[in-house]
Amino acid sequence: MPLRKLAELILSEKDELAGLDAVSMGRPVSTYFDAHYAATHFNYFAEAGYAQGHTSLNTPGFFNLSLRQPFGVVAIIIPWNAPLVFFSKKIAPAVAAGNTVVLKSSEKAPLTSWKVSQWIEKCGFPPGVVNVLSGHGHISGSALSSHMKIRCLSFTGSTRTGRAIQIAAAQSNLKKVIFELGGKSPALIFEDADLEQAARETENSINFNSGQTCMANSRIYVQESVKDAFIEQFRKLAASRQMGDPTKDDINHGPQADERQYQTVRKYIELGMQDSHTKFTADSTVSPKDALMVHPVVFTDKPEDSRIVKEEIFGPVVVINTFKTEDEGISKANDTEFGLYAALYTKDLERALRVGKKLESGMVGVNCTSPTGCWDLPFGGWKGSGSGRESLLESLDEYLEKKSMYIRCAGLSAKL
Ligand code: NAD
């Protein structure tokens with residue numbers, strides 16, 4: 001079975017794959033879970049790729065049925081921040097559903113996609129079923145978005161690029177698009193929360209992968225009475241990050257993916273420093289500029305309408321603001337064009353359910369934050385963070401067209 005063989009190979013070569021992402025985009029090998037994630041997806045869809053429709057006897061004189069069928073060629077465009085994760089979570093269900101795929105990797109991190117593509121033939125995939133391109137967005141990506149023979153396109157990346165793809169899809173053949181886009185995820189810390197746990201987990205969320213994570217809690221709202229205690233714990237944790245060469249086992253904070261990404265993050269930090277409420281963390285022996293390294297940065301008490309509160313930075317930069325009442329916290333958390341992941345920390349279960357329901361977000365963590373998730377519930381965003389849902393249980397459906405067939409059958413005249 002090709003999908004299973006690919007899973008086996010990915011696991012057996014996980015150290016090499018980790019090394020390739022470390023050198024191409026700076027992901028520390030010490031944090032590399034991606035091979036395990038990819039193998040789980042290929043193994044699961046090796047078993048779960050059965051597309052089933054329904055039957056219906058509810059129309060007198062008819063025996064009706066629905067079919068779920070592949071689109072044909074599915075295009076896949078992925079970002080650089082966890083390439084093998086997106087490679088697997090999209091290719092496995094799309095192929096299991098009976099499609100062929102053309103995947104374009106990111107120009108910033110093409111190596112793991114290229115490496116795994118070298119194993120496709122020896123795993124036994126028929127020729128042409130899995131095709132991998134390396135290329136830039138405005139050429140290769142645009143060619144896929146506007147291609148008339150591609151009827152479905154699955155994209156993970158920024159909201160800005162998602163918009164360009166949506167336009168290209170509309171102006172070509174109105175292909176179906178599945179979008180996993182950017183975020184500006186909030187975490188609400190209520191005064192009864194376990195502050196040590198909340199600080200540890202929210203610090204990991206924003207600084208994991210050097211801040212280059214779609215669902216990172218980049219906005220933290222702390223109830224006023226516990227603000228100072230929370231910030232102090234958060235700052236200590238951020239300052240203890242081990243920064244440096246991502247190929248070394250004891251490093252958990254690598255460089256930004258490339259010069260452009262580094263400059264973008266620096267630009268936002270400079271914007272954030274334009275008022276007096278700025279606070280910094282972390283000393284390091286690493287020379288930041290040479291190594292494209294950005295130390296974790298904490299800003300506090302920033303105006304809610306400032307750019308660093310509103311825009312996705314995609315770096316290790318967090319804004320910690322405060323709220324007084326539950327309603328104020330919810331209102332600040334929801335005041336964004338994004339809606340990927342929201343978190344809340346409280347010991348009051350009724351409040352957790354009440355607030356969780358009001359948060360405008362595709363995923364909500366209660367006493368946990370991103371990247372915590374699960375394999376089998378829908379992954380995806382509200383508002384500008386996406387459309388479509390992915391997970392072991394959801395993804396297959398995204399890659400199938402539905403068809404209803406109405407079959408006249410004289411012997412079935414009475415409704416059941
Ligand atoms: P990006 O949008 O710049 O690029 C993503 C991919 O799109 C790349 O392969 C790129 O070559 C391609 N692309 C660029 N312009 C294109 C165009 N005009 N037409 C077609 N393709 C084009 O994003 P990025 O910088 O690679 O990744 C970071 C972004 O991805 C962040 O916004 C992050 O939040 C988001 N992201 C979202 C999720 C999620 O699951 N929601 C996961 C990871 C990353």
Side-chain angles (χ1 to χ4, degrees), residues 21 24-27 34 37 75-90 102-110 112-114 132-147 150 153-172 175 177-185 205-206 208-218 256-265 268 311-315 336-341 361-363 370-371 373 378-391 394-395 398:
D21 277 344
S24 62
M25 51 68 67
R27 171 73 171 279
D34 309 32
Y37 182 101
I76 295 172
I77 301 178
I78 61 173
W80 48 267
N81 64 329
L84 196 55
V85 164
F86 306 113
F87 183 99
S88 60
K89 81 192 285 197
K90 293 178 186 296
V102 181
L103 175 139
K104 190 197 87 59
S105 57
S106 166
E107 59 276 25
K108 294 188 189 187
T112 43
S113 298
W114 167 78
V132 177
L133 298 175
S134 303
H136 285 265
H138 64 285
I139 300 171
S140 318
S142 304
L144 294 174
S145 324
S146 55
H147 203 289
I150 290 169
L153 187 153
S154 181
F155 170 72
T156 296
S158 64
T159 300
R160 183 191 65 252
T161 304
R163 195 167 278 126
I165 291 174
Q166 180 88 281
I167 290 169
Q171 288 177 341
S172 54
K175 56 181 64 64
V177 287
I178 303 157
F179 281 155
E180 300 292 356
L181 307 177
K184 192 75 184 173
S185 295
S205 175
I206 181 62
F208 179 79
N209 207 12
S210 309
Q212 302 163 124
T213 310
C214 56
M215 50 188 169
N217 50 220
S218 46
Q256 299 297 288
D258 64 3
E259 174 73 26
R260 192 162 160 203
Q261 169 70 8
Y262 172 80
Q263 292 301 347
T264 303
V265 176
Y268 276 110
E311 297 175 16
E312 184 181 42
I313 299 173
F314 217 55
T336 169
E337 281 303 306
F338 296 103
L340 192 53
Y341 195 119
S361 180
M363 295 169 280
S370 64
F379 179 101
W382 284 20
K383 305 197 275 189
S385 289
S387 60
R389 290 295 180 272
E390 298 181 305
S391 78
E394 307 279 321
S395 293
E398 295 284 4

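Worth saying up front: this structure is predicted, and the values here are computed from it rather than measured. Each ligand, and each atom within it, is numbered from 1 in the order the structure gives.
Between Trp382 atom CH2 and Thr336 atom OG1 the span is 13.5 Å, to the nearest 0.5 Å. Expressed to the nearest 0.5 Å, how far CD of Gln261 lies from CD of Gln212 amounts to 5.0 Å. Expressed to the nearest 0.5 Å, how far CG of Leu133 lies from CG of Leu103 amounts to 8.0 Å. To the nearest 0.5 angstrom, Phe379 atom CZ is 5.5 Å from Leu340 atom CG. Note that the OG1 atom of Thr213 and the CD1 atom of Ile206 stand 7.5 Å from one another [nearest 0.5 Å]. With rounding to the nearest 0.5 Å, the separation of OG in Ser218 from CZ in Phe338 is 8.5 Å.
With hydrogens left out, the protein atom closest to atom 24 (P) of ligand 1 is Trp80 NE1, 3.3 Å, a heavy atom. Of the protein's heavy atoms, Ser158 N, 3.5 Å lies nearest to atom 23 (O) of ligand 1. For atom 17 (C) of ligand 1, the closest non-hydrogen atom on the protein side is Gly137 O, 3.6 Å. Of the protein's heavy atoms, Gly157 O, 3.2 Å lies nearest to atom 35 (C) of ligand 1. The protein heavy atom nearest to atom 5 (C) of ligand 1 is Phe155 CE1, 3.8 Å. Summary of contacts: the protein heavy atom closest to atom 41 (N) of ligand 1 is Leu181 O, 2.7 Å. Looking only at protein heavy atoms, the nearest one to atom 27 (O) of ligand 1 is Pro79 CB, 3.4 Å. Among all protein heavy atoms, the one lying closest to atom 33 (C) of ligand 1 is Phe314 CE1, 3.3 Å.
Under the salt bridge (charged side-chain N to carboxylate O under 4.0 Å, His left out) criterion, Lys184 pairs with no residue at all, not counting sequence neighbours.
For the ligand labelled ligand 1, residue Phe379 lies inside the 4.0 Å heavy-atom shell.
Closest of all the heavy-atom pairs between Ser146 and Ser172 is O-CB, 3.3 Å. Between Phe87 and Val132, the shortest heavy-atom distance links the atoms CE1-CG2, 3.9 Å.
Where the criterion is an N or O separation shorter than 3.5 Å, residue side chain and backbone included, Ile165 fails it with respect to ligand 1. Taking any N or O of Lys104, backbone or side chain, at least one lies under 3.5 Å from an N or O belonging to ligand 1.
Which of Cys214, Gly386, Ala75 comes nearest to atom 36 (N) of ligand 1 through a heavy atom is settled by distance: it is Cys214. Between Ile78, Asp258, Thr161, it is Ile78 that holds the heavy atom closest to atom 6 (C) of ligand 1. For the residues Ser105, Ser142, Ala168, the heavy atom positioned nearest atom 18 (N) of ligand 1 is part of Ser142.
Ligand 1 places these atoms under 4.0 Å from at least one heavy atom of Ile77: 6 (C), 7 (O), 9 (O), 12 (C), 20 (C), 21 (N). Less than 4.0 angstrom separates some heavy atom of Glu107 from each of these atoms of ligand 1: 10 (C), 11 (O). Per-residue contacts place Gly141 under 4.0 angstrom from the following atoms of ligand 1 (heavy atoms of the residue considered): 19 (N), 20 (C), 21 (N). Against a heavy-atom cut-off of under 4.0 Å, Glu312 is close to the following atoms of ligand 1: 31 (C), 32 (O), 33 (C), 34 (O). Residue Ser106 approaches ligand 1 through these ligand atoms, each under 4.0 Å from one of its heavy atoms: 9 (O). Interface atoms of ligand 1 facing Arg160, defined by a heavy-atom separation under 4.0 Å, are 3 (O).
A donor-acceptor pair under 3.5 Å is absent between the side-chain atoms of Ser205 and the main chain of Ala216, judged by distance alone. No donor-acceptor pair under 3.5 Å is formed between the side chain of Ser105 and the backbone N or O of Ser113. Side chain of Ser24 to backbone of Ala109: no donor-acceptor contact under 3.5 angstrom is found.
Of all the heavy atoms of Ser145, the ones lying under 4.0 Å from any atom of ligand 1 belong exclusively to the side chain.
With 3.5 Å as the limit, one finds no donor-acceptor pair spanning the side chains of Thr156 and Lys89.
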